[in-house]
Engineer: 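Submitted below is the structure of interest, expressed as structure tokens.
Atoms considered below: every heavy atom in the structure, side chains included; atoms not considered: hydrogens, waters and symmetry mates.
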Amino acid sequence: MARALQLAARGLYTTTPNPRVGCVIVKDGRVVGEGWHQRAGTPHAEIHALHAAGDAARGATVYVTLEPCSHHGRTPPCAEALINAGVARVVAAMKDPNPLVAGGGIAMLTLAGIQAEVGLMEAEARALNPGFVSRMTRQRPWVRLKTASTLDGKTALANGASQWITGDAARADVQRLRARACAILTGSGTVLADDPRMNVRDIDIGRQPLRVVVDSALRTPADAAILPALIACSHADPDRRSALEQAGAEVIVLPAADGRVDLTALLTRLAQRGVNELHVEAGAALNGALLAAGLVDEWVAYMAPMAVGDVARGLFAHAALTSLGAASRFHLADARQLGGDLRLTLLPS
């Protein structure tokens, strides 16, 4: 199963909106076939492994990181292919959270007389697909917030200068985070201040994540580098909307009660579009709004060993707290050094 998980990770950047899945077929203590899902619409991991195994699959044990599918989607059911191949046993790391499967694959295998088990290295399999699990069980993407700051928690000087707080190794790592995401989210303030492209560079993944801008008043310029993008606003001036749409933008109106964009509704819309992992690179306003709404699932904080003082720009903007008990709390899941910088991965407590 550990090998199957390694294979699944090869699809880290390419399988969206599908999960990353790996498969290993073993007979008489020897690996006879292996494969991984490479891209949506192409054969699943089990099919690649069965093709590699050929006749040796009959009577073999199959290790797969996700329950074999039992429904017809873009491809036929993998459970059916395993039955036709005559395998004797299937060990899945986890049940498929997709309601279209959700135990159906295991049931199909069991009914055909194949020994089927679930749960081996389940935690590792879930960690490989947090976005797919989130979209299937919560109907919203896994929200990964990235920040880059000084040691005293500042993202830029008071005059806006921020290039570069972190070094080459940290910035290259951010590209890998972008590459695994289905969509990249930022706010109109960042667009107006920096005119970023918010794309994947230096990694050839054969696609670009969907770019999304939260822009309540529709202030994004029609010549912004981030276009084409999905722009979520709370009210749409017809002329501005027309100019943006002519520039390739898709504009959706999602007003909240406070006049800003309804962020929960936006995440629901993104899930409906097949977004599993949402990578956020934004300013203090949007960061603070996501944090206050309880929508941050993972915080990746890059910290440079420098201090710039309390008048510089901070990470999160939200209402002043009156007690520490009201603070957003996280626990440390990982810490490592990248070049001269520190990367902390934090999960909500």
Side-chain angles (χ1 to χ4, degrees), residues 1 4-5 7-23 36-47 64-80 82 90-109 116-145 177 180-185 207 209-210 212 230 263-280 290 293-298 333 347-348:
M1 188 63 80
L5 286 163
L7 292 168
R10 295 185 181 183
L12 190 68
Y13 301 148
T14 59
T15 64
T16 179
N18 290 352
R20 300 127 183 168
V21 183
C23 180
W36 70 95
H37 182 45
Q38 298 169 19
R39 194 174 299 274
T42 66
H44 290 183
E46 299 95 320
I47 306 305
V64 62
T65 60
L66 185 69
E67 174 188 4
C69 60
S70 57
H71 69 291
H72 283 269
R74 297 190 197 181
T75 57
C78 290
E80 190 175 278
L82 292 168
V90 175
V91 181
M94 60 177 286
K95 274 189 176 182
D96 192 333
N98 185 344
L100 294 175
V101 183
I106 297 299
M108 183 181 289
L109 294 168
E117 307 165 26
V118 180
L120 179 63
M121 300 187 76
E122 180 174 358
E124 291 85 348
R126 285 184 171 273
L128 192 61
N129 287 298
F132 182 75
V133 173
S134 177
R135 181 164 67 88
M136 290 297 156
T137 60
R138 303 188 299 175
Q139 291 74 55
R140 72 171 182 83
W142 178 268
V143 177
R144 180 179 293 112
L145 175 67
L177 287 185
R180 67 175 289 167
C182 306
I184 298 173
L185 178 72
R207 65 178 181 90
L210 172 69
V212 185
L230 175 68
L263 296 175
T264 300
L266 174 58
L267 294 186
T268 300
R269 286 286 191 96
L270 292 176
Q272 291 169 350
R273 297 172 72 112
V275 173
N276 292 329
E277 294 183 19
L278 179 65
H279 176 87
V280 181
L290 288 166
L295 298 176
V296 176
D297 298 307
E298 179 182 345
L347 302 176

Engineer: Specify the closest pair of heavy atoms between V21 and A45, including all atoms of both residues, with the distance to one decimal.
Structural biologist: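 What the structure gives for the nearest pair is O-CB, 3.4 Å.
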Engineer: Kindly give the heavy-atom pair with the smallest separation between W142 and P130, and that separation in Å.
Structural biologist: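 Between these two residues, the closest heavy atoms are CD2-CB, 3.7 Å.
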Engineer: Using 0.5 Å steps for rounding, measure from the CZ atom of R135 to the CD atom of Q272.
Structural biologist: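 One gets 10.5 Å once the value is rounded to the nearest 0.5 Å.
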Engineer: Going through the distances and angles, do R144 and R180 end up as a side chain to side chain contact (heavy atoms under 4.5 Å, CB included)?
Structural biologist: CA-CA 11 Å; R144 180 179 293 112; R180 67 175 289 167; 3.7 Å; yes
Engineer: Check whether T65 reaches the backbone of G22 with its side chain - one donor and one acceptor, N or O, closer than 3.5 Å.
Structural biologist: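 Here the side-chain-to-backbone pair exists.
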Engineer: So N129 and M136, side chain to side chain contact (heavy atoms under 4.5 Å, CB included) or not? Walk me through it.
Structural biologist: CA-CA 11 Å; N129 287 298; M136 290 297 156; over 6 Å; no
Engineer: Would you say that V90 contacts P68 through its side chain, given a criterion of any heavy-atom pair below 4.5 Å between the two side chains?
Structural biologist: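 The answer is yes; the side chains approach within 4.5 Å.
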Engineer: Kindly indicate, with the supporting measurements, whether the criterion salt bridge (Lys or Arg N to Asp or Glu O under 4.0 Å) is fulfilled by R20 and E277.
Structural biologist: CA-CA 12 Å; R20 300 127 183 168; E277 294 183 19; 2.7 Å; yes
Engineer: What heavy-atom pair brings P76 and C69 nearest, and what distance separates the two atoms?
Structural biologist: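 The answer is O-SG, 4.2 Å.
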Engineer: Less than 4.5 Å apart, any side-chain heavy atom of D96 and any of F132?
Structural biologist: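 In short, these two side chains touch, coming nearer than 4.5 Å.
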Engineer: Where is the tightest heavy-atom contact between S70 and L100, given as atom of each residue plus distance?
Structural biologist: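 Looking at all heavy atoms of both residues, the closest pair is OG-O, 4.0 Å.
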Engineer: Mind listing the closest non-hydrogen atom pair of D297 and P141 along with its distance?
Structural biologist: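 Answer, listing the atom of D297 first, then P141: OD2-O, 3.6 Å.
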Engineer: Give the C-alpha distance, both sets of side-chain angles, the deciding distance and a yes or no for side chain to side chain contact (heavy atoms under 4.5 Å, CB included) between R140 and L270.
Structural biologist: CA-CA 7 Å; R140 72 171 182 83; L270 292 176; over 6 Å; no
Engineer: Can you find a heavy atom in the side chain of V133 that is under 4.5 Å from one in the side chain of M94?
Structural biologist: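 Touching, per the 4.5 Å side-chain cut-off.
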Engineer: Nearest heavy-atom pair of P19 and H37: which atoms, and what distance?
Structural biologist: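 What the structure gives for the nearest pair is O-CD2, 3.7 Å.
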Engineer: For H279, what residues pass the ring pair (Phe, Tyr, Trp, His ring centres under 6.0 Å) criterion, not counting sequence neighbours?
Structural biologist: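 H279 satisfies ring pair (Phe, Tyr, Trp, His ring centres under 6.0 Å) with no other residue.
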Engineer: Are V212 and R273 side-chain neighbours, meaning at least one heavy-atom pair lies under 4.5 Å?
Structural biologist: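 Counting from C-beta outward, V212 and R273 never come under 4.5 Å.
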Engineer: In the structure I gave you, are the side-chain heavy atoms of R207 and T16 within less than 4.5 Å of one another anywhere?
Structural biologist: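 Yes, side chains in contact.
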Engineer: Side chains of L82 and V64: does their closest heavy-atom pair fall under 4.5 Å?
Structural biologist: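 No, side chains not in contact.
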Engineer: State, yes or no, whether a side-chain contact exists between V101 and P77 at a heavy-atom distance under 4.5 Å.
Structural biologist: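 In short, these two side chains do not touch, never coming nearer than 4.5 Å.
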Engineer: I want to check something: taking the side chain as every heavy atom from C-beta on, are C78 and I47 in contact at a cut-off of under 4.5 Å?
Structural biologist: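 Yes; the side chains approach each other to less than 4.5 Å.
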Engineer: Walk me through whether K95 and E67 qualify under salt bridge (Lys or Arg N to Asp or Glu O under 4.0 Å).
Structural biologist: CA-CA 5 Å; K95 274 189 176 182; E67 174 188 4; over 6 Å; no
Engineer: Between L266 and L185, is a side chain to side chain contact (heavy atoms under 4.5 Å, CB included) present by the stated rule, with each step listed?
Structural biologist: CA-CA 11 Å; L266 174 58; L185 178 72; 4.1 Å; yes
Engineer: Between atom CG of L12 and atom CG of L128, what is the distance when rounded to the nearest 0.5 Å?
Structural biologist: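 L12 CG to L128 CG: 6.5 Å, rounded to 0.5 Å.
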